[in-house]
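Reviewing the structure listed below.
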Amino acid sequence: MSGIDGPAPSEARLSELRLKALIEASPEVVYRMSADWGEMKELAGGGFLPDTNDSSRAWLMDYIPDQDQAVVSAAIDKAIQTKTLFSLEHRVRRLDAVSRSTNPRR
């Protein structure tokens with residue numbers, strides 16, 4: 001089936017567009033990571049972290065305070081090894097440079 005301006009978007013593309021609309025409307029922080037968590041693929045910061053569509057291997061240093069990085073890394077490693085959700089309350093660096101506690105479940 002074709003749309004007015006050409007072929008209709010695929011189901012996968014429609015799903016991507018719906019997810020993007022949900023993320024943009026959400027006050028929550030939403031991010032996409034590589035399987036090993038070594039690279040952050042994108043981040044919708046929910047108004048308190050800077051949004052980015054650029055991949056970053058420096059995400060831990062950029063977003064997690066120095067004193068929390070080892071604990072966050074250990075929790076990520078455990079979640080990967082045990083194939084469980086990553087869930088750890090920890091601080092992040094906000095847009096206003098103040099650290100704020102967050103509890104992601106990924």
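Between M40 atom CE and L60 atom CG the span is 10.5 Å, to the nearest 0.5 Å. D68 contributes atom CG, which lies 8.0 Å from atom NE2 of H90 (distance to the nearest 0.5 angstrom).
Judged as a side-chain hydrogen bond (donor to acceptor under 3.5 Å, both in side chains), and not counting sequence neighbours, S10 has no contacts. Partners of D66 according to the side chain to side chain contact (heavy atoms under 4.5 Å, CB included) rule, which considers only residues two or more places apart in sequence or in another chain, are Q69, R93. Residues satisfying the side chain to side chain contact (heavy atoms under 4.5 Å, CB included) criterion with A75, sequence neighbours excluded, are F86, L88. Contacts of I80 classified as side chain to side chain contact (heavy atoms under 4.5 Å, CB included), with partners at least two apart in sequence or in another chain: W37, I76.
Sorted by first then second residue, the side-chain hydrogen bond (donor to acceptor under 3.5 Å, both in side chains) pairs that include residues 47-64, not counting sequence neighbours, are E39-S55.
V71 is connected to M33 through a chain of hydrophobic side-chain contacts under 4.5 Å among Ile, Leu, Val, Met, Phe, Trp and Tyr, so both are in one cluster.
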